[in-house]
Amino acid sequence: MKSRAAEDIIRIENLTFSYPAPEEGTESQTAVDDISLYIEEGSFVAVLGQNGSGKSTLIKTINALLSPSRGDVFVCGMNTKDEELVWEIRRSAGMVFQNPDNQLVSAIVEDDVAFGPENLGIPAPEIRERIDDAMKRTGIFGLRKKSPHMLSGGQKQRVAIAGVIAMRPKCILFDEATAMLDPRGRCEVMQIIRSLKKEGITVLLITHFMEEAAEADRIIVMEKGKIALSGTPEEIFGDPDSVKRLGLKLPPAVEMRELLRARGIDIPDSVLNMDGLARYLCGRAEPERDSSGV
Ligand code: ADP
Ligand code: MG
């Protein structure tokens, strides 16, 4: 991974983070171990890895929730160690957590979405415009007068995302934000992620769902605090043995692709989702029919 300072919205240089020893005589826990990582502005990066591999710790250093034990993290050129820049860094790189209940603070949806911009000291008319825009983009405008506690998990998560969008961040960090949602809620959150990407917002997504990772521009797989693999979804899932060795599953469509390959059907690595698989198999069948004159 090369450094291209100008285009890289996030620069992580030789980052090590150790949690302090829980008590005297015990050892400190190194959760992130000498990682360097450069994330290009506007890209969608999925972070995978088994539980305890250091994903959340890594992402928290980007949001300045944790300060490096060694090395540096830069967000839009700002060093997260600079305490004066902490709020500007959090505004630039917003974070969405697994459990939306921990992120919702107000009794009314629209107040919740307004919470962040209000804390930035933004004038009231602009706050109105920002929160309406954020609620429309996340499909919760119709729920704006409701209490967040009356909403489904997926709706709550969209309120939390709207609150982050209303801050107008350049980058949004999702830490297993779909893990507690039902399939429909997950789908809605993924749709928002796709639209953020289209608008040029950088997305970092920690996930256990391989089909979500398959949509990213780039995948990083962590193991024991280090980056074990990094590449495009095509590259990463083109090597199923390495993925499995790191304790991960394959996306369902790649699983099916591998089963078909084992039965002699040649399917390229670029096929990563069900739609692509169906299209490839149909496209593959049609020319044969044509050539046989049927
Ligand atoms: P992941 O998000 O991939 O599951 P984490 O970043 O949460 O991994 O954790 C990485 C390692 O750091 C794990 O071994 C975990 O036990 C340890 N760890 C995480 N949070 C703390 C904490 N607050 N105090 C001590 N150790 C922690
Ligand atoms: Mg985690």
Side-chain angles (χ1 to χ4, degrees), residues 10-37 39 44-73 75 80-81 86 89-90 93-104 153 156-157 160-161 164 171-181 185-186 189-190 193 202-214 216 218-231 233 236-237 242-251:
I10 296 167
R11 285 190 288 134
I12 298 175
E13 294 179 346
N14 302 106
L15 169 72
T16 293
F17 182 87
S18 303
Y19 289 99
E23 52 201 81
E24 232 175 284
T26 59
E27 293 204 353
S28 65
Q29 172 83 40
T30 298
V32 170
D33 189 2
D34 196 19
I35 280 187
S36 292
L37 176 64
I39 294 181
F44 170 15
V45 178
V47 183
L48 309 180
Q50 285 184 298
N51 283 339
S53 57
K55 306 178 297 295
S56 295
T57 305
L58 175 72
I59 217 167
K60 283 179 186 161
T61 66
I62 299 170
N63 197 238
L65 285 172
L66 298 173
S67 188
S69 310
R70 278 197 301 282
D72 291 289
V73 178
V75 176
T80 59
K81 281 179 183 161
V86 163
I89 288 167
R90 293 201 185 141
M95 186 126 163
V96 180
F97 295 93
Q98 185 179 106
N99 187 348
D101 285 330
N102 297 340
Q103 238 176 320
L104 303 179
K156 283 183 195 171
Q157 196 59 295
I161 296 170
V164 173
C171 170
I172 304 187
L173 317 165
F174 294 86
D175 191 350
E176 296 196 39
T178 58
M180 294 177 74
L181 308 184
R186 254 186 355 244
V189 169
M190 281 309 290
I193 289 178
T202 310
V203 172
L204 243 84
L205 175 74
I206 297 179
T207 185
H208 281 297
F209 296 101
M210 298 300 130
E211 62 271 39
E212 293 176 1
R218 181 171 158 206
I219 294 176
I220 286 156
V221 186
M222 292 189 65
E223 187 191 33
K224 296 187 184 133
K226 291 195 177 285
I227 295 176
L229 295 175
S230 168
I236 299 290
F237 296 125
S242 295
V243 172
K244 287 182 188 162
R245 187 179 48 76
L246 290 163
L248 303 175
K249 286 184 167 179
L250 296 170

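Residue numbers count from 1 along this sequence. What you see is a predicted model, and the numbers here were worked out from it, not measured in a lab. Order of appearance sets the numbers: ligands from 1, and atoms from 1 within every ligand.
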Ignoring hydrogens, what is the shortest heavy-atom contact between V73 and I62? Give both atom names and the distance.
CG1-CA, 4.0 Å
Atom indices of ligand 1, in the order listed, that fall short of 4.0 Å to a heavy atom of N51
4 (O)
I'd like to know if the side chain of Q103 reaches the main chain of F97, judged simply by a donor and an acceptor atom lying under 3.5 Å from each other, with no hydrogens or angles considered.
yes
Tell me which part of K55 gets within contact of ligand 1: side chain, backbone, both or neither, using heavy atoms under 4.0 Å.
both
Do any of the N/O/S atoms of S56, backbone or side chain, fall under 2.8 Å from the Mg ion (ligand 2)?
yes
Hydrogens and angles aside, do T30 and S18 bring a side-chain donor and acceptor to less than 3.5 Å of each other?
yes
Heavy-atom distances under 4.0 Å decide this one: backbone, side chain, both or neither, for Q50 against ligand 1?
backbone
Do T207 and E212 have a side chain donor and acceptor closer than 3.5 Å?
yes
Here the atoms of ligand 1 under 4.0 Å from any heavy atom belonging to A31 are 10 (C), 11 (C), 12 (O)
Shortest heavy-atom approach to atom 9 (O) of ligand 1 - which of T57, V47, I206
T57
Going by the atom numbers of ligand 1, which of them fall below 4.0 Å from some non-hydrogen atom of Q29?
12 (O), 14 (O), 17 (C)
Closer than 4.0 angstrom, basic N to acidic O: yes or no for D101 and K156?
yes
Determine whether any heavy atom of G49 lies closer than 4.0 Å to an atom of ligand 1.
no
Side chain to side chain donor-acceptor pair (under 3.5 Å) assessment of S56 paired with D175:
CA-CA 7 Å; S56 295; D175 191 350; 2.7 Å; yes
Using distance alone, decide if ligand 1 has a nitrogen or oxygen within less than 3.5 Å of any nitrogen or oxygen in G54.
yes
